[in-house]
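Labels below follow one simple rule: chain letters A, B, ... track the order of the sequence lines, proteins then strands, and each chain is numbered from 1. Keep in mind it's a predicted model, so treat the numbers as computed, not measured.
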Protein chains: 2
Amino acid sequence: MLMVLPDEVHCLKQIALLGGCRSQVFASSARLGMELATSPQTASRRLQALERLQLITRSLRSDGQYISLTLKGEEVLLREFSDYGRIFGNGSARHVLTGELISGLGEGRYYMSLAPYREQFLEKLGFEPFPGTLNVRLDPGSIATRKRLETLGWISIRGFQANERTYGDARCLPCRIGDHRCGIVVPGRTHYPEDIVEVISPVELRKELGLSDHDIVRVEVPP
Amino acid sequence: MLMVLPDEVHCLKQIALLGGCRSQVFASSARLGMELATSPQTASRRLQALERLQLITRSLRSDGQYISLTLKGEEVLLREFSDYGRIFGNGSARHVLTGELISGLGEGRYYMSLAPYREQFLEKLGFEPFPGTLNVRLDPGSIATRKRLETLGWISIRGFQANERTYGDARCLPCRIGDHRCGIVVPGRTHYPEDIVEVISPVELRKELGLSDHDIVRVEVPP
DNA sequence: ATTACTAAAAGACGAGTAA
DNA sequence: TTTACTCGTCTTTTAGTAA
C-alpha cells in the first residue's frame with residue numbers, strides 16, 4: 001500500500017479540477033503554484049513526485065506541460081471522495097444505472113458457488129446468491145453515476161484460503177433490478193473496468209425477467 | 001479567506017471520519033498519530049493548530065481529549081467534498097428535500113425586488129423571480145441530503161454596490177416544487193442555518209400551490 | 001516564458017522532559 | 001497513561017542558476 005502525502009493529494013486534486021481526469025490539461029508549474037499557494041519550484045517538485053508515484057503522466061513542452069491523471073491517480077481521489085461521502089452521509093438520493101446485458105466469462109458463476117463467499121452474502125445481504133452473475137455494460141452516461149456509488153455503504157466480503165489458492169476480498173452494494181433485491185459485486189483490489197457492473201441476486205435474473213444478451217437493464221441503488 | 005494547509009485538512013477529515021461531525025469524539029494524540037501516520041507530537045500540534053483556526057473544539061482530559069468539529073470546520077470539509085463532487089461529475093441522481101413551510105422575515109422579498117439580482121436570475125436561471133421567497137424548514141432526515149447538494153452545479157450570483165451599501169454574493173441551485181421550476185438561493189458568506197432552504201420561483205408558489213405555514217413541501221433537484 | 005537543479009533559509013519533525 | 005513544552009535534527013521550501 002503506497003502512501004500519498006496530503007500535499008500530494010491536494011496537488012492531484014487541483015489537476016483533476018483543471019480537467020486532468022477526462023483529458024490532459026495544459027498547466028505550467030507557475031500556474032499550479034498559484035492554485036496550491038506555493039512557489040513554482042515546489043509545484044514542479046510535486047509534479048515530479050506524482051509522476052514517480054505513477055499518479056499522473058506528463059509531456060513537457062518548452063512553455064509548460066500537458067498533465068493527465070492515470071487510473072491509479074484517479075483511484076486515489078476516488079478514495080478521498082468516498083471518505084467525504086461517508087462523513088456527510090449518503091443522503092436519500094436514488095441512483096439509477098442503465099446498461100446492456102452482456103455475458104461474462106463464467107467467473108462469476110464459479111466464485112458464487114464457493115461456500116465461504118455464499119455464507120457471507122447470506123449473512124450480510126440476507127440472501128444466498130444464485131450461482132452466476134448478471135454482467136451489465138453501462139451506458140456512457142451511467143459511468144459517472146457508477147463512480148458516485150463509491151461514496152455509499154459497501155459491504156465488505158472477506159477473502160479466504162483454500163486448496164493452496166488465495167481467494168480475494170470483495171465488496172458488495174445492495175441494489176435492485178425490477179422488484180428483485182440484488183447486489184453489485186466488485187472484486188477486491190484488481191482494477192475492474194469502470195463501465196461494467198456485476199450483479200448477484202437470490203434468483204436467476206435472466207430467467208426470472210426473461211432477459212437475454214443486449215437487453216437493457218436498469219439497476220437502482222439503494223434497493 | 002483563511003488558508004488551511006493540506007495536512008490540517010487531512011487531520012480534520014480523520015476526526016470527522018471518527019465521528020467528530022455529529023458528536024464529540026474521544027481520541028488521543030497517539031491514536032490520531034497512528035491514523036495520520038505521524039508521531040503523537042505532530043498530531044498534538046495539528047490539533048492545536050486546528051483549534052487556533054477555530055476548526056475544532058476540544059476538552060482535555062488526563063487520558064485523552066474530546067474533540068468535535070465546529071461549523072467552520074465542517075464547512076472546510078464540505079468545500080473539499082464539493083471539489084470532489086465536481087471532479088467526478090454529479091451523476092444523474094435525484095435528490096429530494098422535504099420540510100415544512102415557514103414564514104421568513106421578509107428579507108427574501110426585499111432582495112428579490114432588487115434589479116441587479118433580478119437580472120442575474122433572469123439571465124442565469126431563465127426566469128424573473130417572484131419578489132418573495134419560500135422558506136422551508138427541512139426534516140431532520142433531509143439535512144444530510146441538503147449537504148450533498150453542495151457538490152452539485154450551483155450558479156453564482158454576484159453582489160453589487162448601491163446607495164452606499166454592499167449587497168453580497170449569493171448562489172443558486174435549480175430545482176422544482178411540483179411542476180414549477182424553482183431555485184434554492186443561499187446568501188454568500190454568511191452562516192446560513194443548515195435546516196432551512198429558501199426557494200425562489202417565477203410565480204407566487206404559496207398562492208399557486210395553495211400552501212400555507214406548516215404545510216409539507218417537497219423540493220426536487222435537479223428540476 | 002518554461003523545467004529542473006543546487007544551495008542557503010525556513011520550518012516541521014520527533015525524542016526527551018515535565019506536569 | 002495523557003498533553004504540551006523545548007531543542008537538536010532533518011526535511012522541505014524557495015531563491016538563484018542553467019538549459
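Ring-plane geometry between B:Phe81 and A:Tyr84 is classed as parallel, the angle between the planes falling under 30 degrees on a 0 to 90 degree scale with a further cut at 60.
The interatomic distance linking B:Arg61 (CZ) with D:dT2 (P) rounds to 15 Å, in whole Å. Rounded to an integer number of Å, the gap from CD of A:Glu8 to C1' of D:dT11 is 14 Å. Rounded to whole angstrom, the span from the CG atom of A:Asp7 across to the P atom of D:dT14 amounts to 10 Å. One can place CZ of A:Phe26 at 9 Å from P of C:dT2, the figure rounded to the nearest angstrom. Note: CG (A:Leu60) to P (C:dA4) measures 5 Å, nearest angstrom. Atom OH of B:Tyr66 and atom P of D:dT2 are 14 Å apart (whole Å). Rounded to whole Å, atom P of D:dT3 lies 9 Å from atom CG of B:Asp63. Atom CG of B:Leu47 is separated from atom C1' of D:dC5 by 16 Å (rounded to the nearest Å).
Checked against D:dT3, D:dT14, C:dG14, the side chain of A:Thr42 finds its nearest nucleotide in D:dT14. When distances run from any side-chain atom of A:Thr38 to the nucleotides D:dT3, C:dT3, D:dT14, the shortest one goes to D:dT14.
Distances shorter than 4.0 Å separate none of the side-chain N or O atoms of B:Gln48 from OP1 or OP2 on D:dT3. Residue B:Ser62 has no polar side-chain atom (N or O) positioned under 4.0 Å from OP1 or OP2 of D:dT2. Residue A:Arg58 has no polar side-chain atom (N or O) positioned under 4.0 Å from OP1 or OP2 of C:dT3. OP1 or OP2 of C:dT3 has not a single side-chain nitrogen or oxygen of A:Ser44 nearer than 4.0 Å. In this structure, B:Ser39 does not reach the C:dC13 phosphate: none of its side-chain N or O atoms is under 4.0 Å from OP1 or OP2. The side chain of B:Arg45 contributes no N or O atom lying less than 4.0 Å from OP1 or OP2 of C:dG11.
With a cut-off of 3.5 Å on both pairing distances, the Watson-Crick or G-U wobble partner of D:dT17 is C:dA4.
Side-chain contact check for A:Tyr111 versus A:Ile200: every heavy-atom pair is 4.5 Å or farther apart. Between A:Leu125 and A:Pro174 there is a side-chain heavy-atom pair separated by less than 4.5 Å.
Both tests hold for A:Arg165 against A:Tyr167: distance to the six-membered ring centre under 6.0 Å, angle to the ring axis within 45°.
B:Arg31 comes within 4.0 angstrom of no nucleic acid atom, judged by non-hydrogen atoms across all strands.
If you check distances only, the side chain of A:Gln41 does reach the base of D:dA15 with a donor-acceptor pair under 3.5 Å.
Salt-bridge annotation for B:Glu80 and B:Lys13: absent, with no side-chain N of the basic residue lying under 4.0 Å from a carboxylate O of the acidic one.
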